[in-house]
Amino acid sequence: MPDDNLPPDPDALAKWEKLPQNKPSKQALPPLTGGARWMWWALALLAGLALIALLQGRIG
C-alpha cells in the first residue's frame, strides 16, 4: 500500500510551476448539457413505455 504522506518532489513542482497556468477556453471544456440532451428524450420514451406497460397490465 503506497504511503499517502510522501513529501512533494521539488523538481517536479518547479517544472509544474513553469508550465502555462492560464484558464481553459470554452472550446476546451466538455459540454454540460449538450451530451445529455438526448437523455431527456430517452427518459421520456422510457416513462411512456412504462406507462403503457402498466396500463396493459391493468386492462389485460
- Could you pull out all residues at least two apart from Asp9 that satisfy salt bridge (Lys or Arg N to Asp or Glu O under 4.0 Å)? none

- Rounded to the nearest 0.5 Å, how far apart are NZ of Lys18 and CG of Leu13? 11.0 Å

- Message: When you measure from the side chain of Gln21 to the backbone of Trp16, do you find a donor-acceptor pair of N or O atoms at a distance under 3.5 Å?
- Response: yes

